[in-house]
Amino acid sequence: MRDSAEQTDATVGTDEPLACTVREAARLLSVGTRKVEYMVQSGELKSIKIGRARRIPRSELLAYLEKLRAVA
């Protein structure tokens with residue numbers, strides 16, 4: 001039985017992190033870290049700050065790839 005407060009989103013409850021570092025995002029996208037930093041600074045890729053750490057939500061990476069797929 002599910003707790004009513006439990007998230008039903010498929011990404012919650014898995015071992016996959018919900019957000020990744022710039023380095024991890026670069027690896028996942030097969031680009032350099034400077035490219036990801038530029039994409040974040042330009043607003044092309046959305047990110048969040050947790051304390052002093054910059055993180056890129058996996059949902060934003062997937063949305064970015066979908067946007068590229070739609071253009072291609």
Side-chain angles (χ1 to χ4, degrees):
M1 185 174 195
R2 289 191 145 183
D3 184 353
S4 61
E6 184 179 335
Q7 294 284 337
T8 58
D9 188 33
T11 59
V12 175
T14 66
D15 290 339
E16 294 291 323
L18 297 176
C20 56
T21 64
V22 169
R23 182 180 289 174
E24 291 167 339
R27 184 182 54 78
L28 290 169
L29 295 173
S30 299
V31 298
T33 55
R34 295 217 186 255
K35 175 66 175 173
V36 174
E37 289 169 351
Y38 172 78
M39 293 164 61
V40 167
Q41 288 174 353
S42 69
E44 186 177 2
L45 186 61
K46 295 178 184 169
S47 68
I48 58 172
K49 286 199 75 165
I50 302 173
R52 291 171 33 178
R54 173 80 50 198
R55 294 291 183 261
I56 301 167
R58 284 181 116 29
S59 60
E60 291 299 331
L61 290 174
L62 294 172
Y64 174 75
L65 291 174
E66 279 299 316
K67 191 184 326 178
L68 290 179
R69 185 180 296 151
V71 172

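Small disclaimer: the values here were computed from a predicted structure and weren't measured. Counting begins at 1 with the first residue of the sequence.
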Asks: Under the side-chain contact (heavy atoms from CB on, under 4.5 Å) test, which residues partner Arg55, sequence neighbours left out?
Replies: Ala19, Thr21, Ile48, Ile50, Ala53
Asks: Where do Glu16 and Arg58 come nearest, in terms of heavy atoms and distance?
Replies: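 So the minimum-distance heavy-atom pair works out to OE1-NH2, 2.8 Å.
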Asks: Could you list the residues that satisfy side-chain hydrogen bond (donor to acceptor under 3.5 Å, both in side chains) with Arg34, not counting sequence neighbours?
Replies: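 Residues passing side-chain hydrogen bond (donor to acceptor under 3.5 Å, both in side chains) with Arg34: none at all.
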Asks: Once side-chain contact (heavy atoms from CB on, under 4.5 Å) is applied, do any residues pair with Lys35, and if so which ones, sequence neighbours excluded?
Replies: Val31, Met39
Asks: Can you measure from CD1 (Ile56) to OH (Tyr64) and round to the nearest 0.5 angstrom?
Replies: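 Spacing of CD1 (Ile56) from OH (Tyr64) equals 11.0 Å.
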Asks: Measuring from atom OG of Ser47 to atom CD of Glu60, what distance do you get when rounded to the nearest 0.5 angstrom?
Replies: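 The OG atom of Ser47 sits 9.0 Å away from the CD atom of Glu60.
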Asks: State plainly whether one hydrophobic cluster holds both Val36 and Leu28, where clusters connect Ile, Leu, Val, Met, Phe, Trp and Tyr through side-chain heavy atoms under 4.5 angstrom apart.
Replies: yes
Asks: Could you pull out all residues at least two apart from Arg27 that satisfy side-chain hydrogen bond (donor to acceptor under 3.5 Å, both in side chains)?
Replies: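 In terms of side-chain hydrogen bond (donor to acceptor under 3.5 Å, both in side chains), with neighbours along the sequence ignored, Arg27 is linked to no residue.
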Asks: Can you list everything that forms a side-chain contact (heavy atoms from CB on, under 4.5 Å) with Ser30? Sequence neighbours excluded, please.
Replies: none
Asks: Give the cluster check for Val40 versus Leu62: same hydrophobic cluster or not, with ILVMFWY residues linked at side-chain heavy-atom distances below 4.5 Å.
Replies: no
Asks: Does Tyr38 share a hydrophobic cluster with Leu45, counting links as ILVMFWY side-chain heavy atoms below 4.5 Å and allowing steps through other members?
Replies: no
Asks: So, for Thr33 and Arg23, which heavy atoms are closest and what is the spacing to 0.1 Å?
Replies: CG2-CA, 3.8 Å
Asks: Using the side-chain hydrogen bond (donor to acceptor under 3.5 Å, both in side chains) criterion, which residues pair with Glu37? Sequence neighbours excluded.
Replies: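 side-chain hydrogen bond (donor to acceptor under 3.5 Å, both in side chains) check on Glu37 returns nothing, list empty.
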